[in-house]
Q: 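This is the structure I want to talk about, given as structure tokens.
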Amino acid sequence: MTPPNNAETPEAAPRPSNFIRDIMVEDARIGKHSGRVLTRFPPEPNGYLHLGHAKSICLNFGLSKEFGGATNLRFDDTNPEKEEQEYVDSIIDNVKWLGFQWQEPVCFASDYFQQLYDWAVQLIQSGKAFVCDLNAEQVRQHRGTLTEPGKHSPFRDRPIEESLDLFARMKAGEFPDGTRTLRAKIDMASPNLNMRDPVMYRILNAEHHRTGNAWCIYPMYDYAHGQSDSIEGITHSICTLEFEDHRPLYDWFVQQLGIFAPRQIEFDRLNLTYTLLSKRKLLQLVQDNHVSGWDDPRMPTLSGIRRRGYPPEAIRNFCANIGVSKTNGILELGLLEHYVREDLNKRASRYMAVLKPLRVVIDNYPEGETEWLDAVNNPEDESAGTRKVPFSKVLYIEQDDFKEDPPKQFFRLSPGREVRLRWGFYIVCQSVVKDEAGNIVELRCTYDPLTRGGGAPDGRKVKATIHWVSAEHAVNAEVRVYSTLFAKENPNDVEEGKDFLSNINPDSLEVLADCKLEPALGTLAVEECVQFERLGYFCVDKDSAPGKPVYNRTVALRDAWAKIEKRGK
RNA sequence: UGGGACGUCGUCUAACGGUAAGACUGCAGACUCUGGAUCUGCGUAUCGGGGUUCGAAUCCCUGCGUCCCAGCCA
């Protein structure tokens, strides 16, 4: 595979704008923040990144770069019960792999715990926050409902000094989990539930992956996020739609504190057919062993699609072209696959591999002889050069490339028919050998020595070219063929009483253990992505062992014959 | 039945009061040593109803539909 192309060039293909870019253009025009642009990508380290995050990453990094700014990578690590270092590591690795460089250093909300605490004290002092002794259940009961206003906490008007003292003792670890919270004093009658005296701090006697046991109170998202943005001087805080209702609260804290005010802008999260983009559900798939891990090639995680063979350039291209809006929609998986094929078509070297072998003996070819034929590596890229492929008397072809009784539009091999072997000779099928059960086990063919290289001197044409591998020189391999992890377009569309697991596609993984590869395919590095001619794009899996490669099918080639066949049924 | 947001080809996105455009998909064809790639052609899609306007996808009113919010998750 040749090195990455110029997919990074922002001006390469002028794309339609989007409402966020429009906002930034306008901000630049009026000189907001003196033209400075700083965005951030703020994952919580409680799972692996997926394609939805890729959209956010491309948006944040892409936009800031476009406006001459930078992007912070900040871990939103305010919930020690769910967060782990493993996730931090994977996220850093994934962002790098996608091809983005954040502004050093990597940031952590936990780095701001002291500042956040000091600000909380300040809010208590100014009468804008109070320590509440209600437990979780009581808080819920006081909150009211969507249609009814909430009730004030009985502790809402307790003396400031008392709240200050209690808050200090919360921090000192005097109280068990859940017994008290720090709450903002806003409006229990607000139609926006987020404004009904939201919890700012809760007591959590849990060890944090970075701060250890230094803290036993932890800030809530709403209290931590905006202030973290402010501390870093984020100009545009881009997040997904479900945070729209939180924006008034985001703005409220910043305003009460009188600190730098970033602007939160919400966009629609990515949805894909046949795909689940929910960390919680992906975690469940991993924990319950429905997949082999976070990097199972069927997973929509960045680690998964990387192992599957999706190039980062293709993902970036996809993200750059799907657009950004506030509409809740579901993108067709086929669009993603289009960008993967588009990228791989330009860069992947072609090889021949037979997945379901059918033995072919060339009767008129000399026994024990081998000749090396020239094959073009990539018709889309002349600089990829050529290679030699061994040809001999016994070959394998694809079972699907032979039919004893060919239907109308089937152009491939059948009794008496002549086809071309890619880069090789024309052959004619003379007879079919079957076992006792009637299964086809071998084809006896003859070849035309004059057609070496694939052309006939007399100019006669064949309707098909098929791929093949010399039996004597073949590398045995395992190939894993994937289809969607879920059988339904919308995996969450389930019958009463069932959950998304009931939509798992039982055939999402097909292991082909007896594949025959041309020799060059036996020595490629893990993650190398190539095209198996006429089949699809495949990449070397990390499970490969010396002499026993394992390939993943990244994506199949578009298949006109498959369509015809399907239509006939 | 409170609040917030959103409704444009099958799907996603554009059009910012002035000819509804692009990508993907699909179909038909050309070309081809990959039934790949490439190329060509095919589109009455603005949620409904009123209104403002010379002119409305765009502005106003109204109806309908979809999504989000009642974690001490993010």
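Order of the sequence lines fixes the chain letters, A, B, ..., with proteins taken first and strands second; residue numbering starts at 1 for each chain.
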Q: Could you give the distance separating B:G36 and B:A28 at their P atoms, to the nearest angstrom?
A: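 That atom pair is separated by 13 Å.
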Q: Hey, could you give me each pair passing salt bridge (Lys or Arg N to Asp or Glu O under 4.0 Å) that has a residue in residues 241-253 of chain A? Not counting sequence neighbours.
A: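 Every salt bridge (Lys or Arg N to Asp or Glu O under 4.0 Å) pair that includes a residue of residues 241-253 of chain A, provided the two are not neighbours, is A:E242-A:R269, A:E244-A:K326, A:R247-A:E266.
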Q: Using atom CZ of A:F318 as one end and atom C1' of B:U11 as the other, report the distance to the nearest whole Å.
A: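 Distance check: A:F318 CZ to B:U11 C1' gives 11 Å.
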Q: Figure out the CG/P separation between A:L557 and B:U34, and round it to whole Å.
A: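 So the CG-P distance, A:L557 to B:U34, works out to 12 Å.
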Q: Does the B:C16 base have a donor-acceptor partner in the side chain of A:D22 within less than 3.5 Å?
A: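 Answer is yes: a donor-acceptor pair is held.
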Q: Name the nucleic acid region contacted by A:V376, choosing base, sugar-phosphate or nothing; use a 4.0 angstrom heavy-atom cut-off, strictly under.
A: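 The residue A:V376 makes no contact with any strand.
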Q: Regarding A:R74 and A:D229, does a basic nitrogen lie under 4.0 Å from an acidic carboxylate oxygen?
A: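 Counted as a salt bridge, because a side-chain N and a carboxylate O are separated by less than 4.0 Å.
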Q: Is there, by distance only and without an angle test, a donor paired with an acceptor across the side chain of A:R247 and the base of B:G4 below 3.5 Å?
A: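 Flag unset: no donor-acceptor pair detected.
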Q: Rounded to whole angstrom, note down the C1' distance from B:U13 over to B:A57.
A: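 Between the two C1' atoms, the distance is 14 Å.
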Q: In Watson-Crick or G-U wobble terms, both distances under 3.5 Å, what is the partner of B:U40?
A: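 Checking every strand shown, B:U40 finds its partner in B:A28, with both distances under 3.5 Å.
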Q: May I have the distance from A:D268 (atom CG) to B:A14 (atom P), rounded to whole angstrom?
A: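 After rounding, the reported distance stands at 9 Å.
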Q: May I have the step-by-step check of side chain to side chain donor-acceptor pair (under 3.5 Å) for A:R202 and A:T181, ending in yes or no?
A: CA-CA 5 Å; A:R202 75 285 213 190; A:T181 56; over 6 Å; no
Q: Would you say A:T147 reaches B:U1's phosphate, i.e. side-chain N/O to OP1/OP2 under 4.0 Å?
A: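 Answer is no, no contact under 4.0 Å.
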Q: Who are the side chain to side chain donor-acceptor pair (under 3.5 Å) partners of A:Q409, not counting sequence neighbours?
A: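 Once residues adjacent in sequence are excluded, A:Q409 has no partner under the side chain to side chain donor-acceptor pair (under 3.5 Å) criterion.
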Q: Can you tell me, in whole Å, how much space there is between the P of B:U44 and that of B:A30?
A: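 That atom pair is separated by 25 Å.
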Q: Roughly how far apart, to the nearest Å, are B:U8 and B:C16 at atom C1'?
A: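 Pairwise C1' distance, B:U8 against B:C16, rounds to 15 Å.
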Q: For B:C16, which nucleotide is its Watson-Crick or G-U wobble mate, given both distances must be under 3.5 Å?
A: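 B:C16 is paired with nothing.
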Q: Taking atom P of B:U34 as reference, at what distance in whole Å does atom CH2 of A:W468 sit?
A: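 In whole Å, B:U34 P and A:W468 CH2 are 15 Å from each other.
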Q: Ion pair present between A:R534 and A:D400, side-chain N to carboxylate O less than 4.0 angstrom?
A: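 No, this pair does not count.
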Q: Can you tell me how far CD of A:E418 sits from OG1 of A:T451, rounded to the nearest 0.5 angstrom?
A: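 Taking OG1 in A:T451 and CD in A:E418, the distance rounds to 7.0 Å.
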Q: Tell me which one of A:F532, A:Y351, A:Y551 satisfies ring pair (Phe, Tyr, Trp, His ring centres under 6.0 Å) with A:F538.
A: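 The residue from A:F532, A:Y351, A:Y551 that satisfies ring pair (Phe, Tyr, Trp, His ring centres under 6.0 Å) with A:F538 turns out to be A:F532.
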Q: Report the distance from atom CG of A:N345 to atom C1' of B:G36, rounded to the nearest whole Å.
A: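 Taking atom C1' of B:G36 as the reference, CG of A:N345 is at 7 Å.
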Q: Could you tell me how far B:A5 sits from B:G26 if I compare only their C1' atoms? Round to whole Å.
A: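 My reading of the C1' atoms in B:G26 and B:A5 gives 33 Å.
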Q: Provide, to the nearest angstrom, the distance between the NE2 atom belonging to A:H467 and the P atom belonging to B:U34.
A: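 Checked: the NE2 to P distance equals 14 Å.
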Q: So which protein N/O to nucleotides 24-27 of chain B N/O distances come out below 3.5 Å?
A:
{"unit_1": "B:G26", "atom_1": "OP1", "unit_2": "A:K563", "atom_2": "NZ", "d": "2.9"}
{"unit_1": "B:G26", "atom_1": "OP2", "unit_2": "A:R558", "atom_2": "NH2", "d": "3.0"}
{"unit_1": "B:G26", "atom_1": "OP2", "unit_2": "A:K563", "atom_2": "NZ", "d": "3.4"}

Q: Glycosidic conformation of B:G71, syn or anti, with 90° from 0 as the boundary?
A: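 Base orientation relative to the sugar is syn.
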Q: RNA chain B: A:I322 or A:G454, which has the more 5' nearest nucleotide?
A: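 It is A:I322, whose closest nucleotide lies nearer the 5' terminus.
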Q: Kindly indicate whether a cation-pi arrangement holds for A:K171 with A:Y117, taking the cut-offs as under 6.0 Å to the six-membered ring centre and within 45° of the axis.
A: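 Geometry flag: set, cation within 6.0 Å and 45°.
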Q: What are the atom names and distances for every N/O pair under 3.5 Å that joins the protein to nucleotides 29-32 of chain B?
A:
none

Q: How would nucleotides 64-74 of chain B be written as a contact map, 5' to 3', with B for base contact, S for sugar-phosphate-only contact and - for no contact, using protein heavy atoms under 4.0 Å?
A: ---SBBBSBSB
Q: Within this structure, what is the CG-OG distance for the pair A:D268 and A:S325, rounded to the nearest 0.5 Å?
A: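 Separation between the atoms: 4.0 Å.
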Q: Using 4.0 Å as the upper bound for N to carboxylate O, is an ion pair formed by A:D448 and A:R460?
A: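 The answer is yes: the pair qualifies as a salt bridge.
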Q: Can you find a donor-acceptor N/O pair under 3.5 angstrom joining the side chain of A:E266 to the base of B:G4?
A: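 There is none.
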Q: What is the pairing partner of B:G63, taking Watson-Crick or G-U wobble pairs with both distances under 3.5 Å in any strand?
A: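 Paired with B:G63, as far as the under-3.5 Å criterion goes, is B:C47.
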Q: Are A:H246 and A:Y250 an aromatic pair by the rule of ring centers under 6.0 Å?
A: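 Ring centroids of A:H246 and A:Y250 are no less than 6.0 Å from each other.
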Q: Working to the nearest 0.5 angstrom, can you tell me the gap between A:R143 CZ and A:L134 CG?
A: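 Atom-to-atom, A:R143:CZ and A:L134:CG are 10.5 Å apart.
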Q: Quiz question: by atom type and distance under 3.5 Å, do the side chains of A:R40 and A:S237 form a donor-acceptor pair?
A: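 Yes, because at least one side-chain N or O of A:R40 sits under 3.5 Å from a partner of the opposite role on A:S237.
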Q: Determine the interatomic distance between P on B:G29 and the same-named atom on B:C59; round to the nearest Å.
A: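 Their P atoms lie roughly 44 Å apart.
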Q: Within the 4.0 Å heavy-atom criterion, would you say A:F267 contacts the bases, only the backbone, or no part of the nucleic acid?
A: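 Nothing, no nucleic acid heavy atom in range.
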Q: For B:U19 and B:U58, measure between their P atoms and round to the nearest Å.
A: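 That atom pair is separated by 14 Å.
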Q: Which whole-number value in Å describes the distance from A:E148 CD to B:G3 P?
A: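 In whole Å, B:G3 P and A:E148 CD are 14 Å from each other.
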Q: To the nearest Å, how far apart are A:Q531 CD and B:U34 P?
A: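 The answer, rounded to whole Å, is 11 Å.
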Q: For the side chain of A:D559, starting at C-beta, report the closest nucleotide among B:U34, B:A5, B:G35.
A: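 Given the options B:U34, B:A5, B:G35, the side chain of A:D559 is closest to B:G35.
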Q: Please, which pairs that meet salt bridge (Lys or Arg N to Asp or Glu O under 4.0 Å) have at least one residue in residues 189-201 of chain A, sequence neighbours excluded?
A: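 The answer is A:R156-A:D197.
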Q: With rounding to whole Å, what would you report as the distance between B:G49 and B:A37 at their P atoms?
A: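 42 Å, rounded to whole Å.
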Q: Under 4.0 Å, heavy atoms only, any strand: does A:L535 hit a base, just the sugar-phosphate, or nothing?
A: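 Contact class for A:L535: none.
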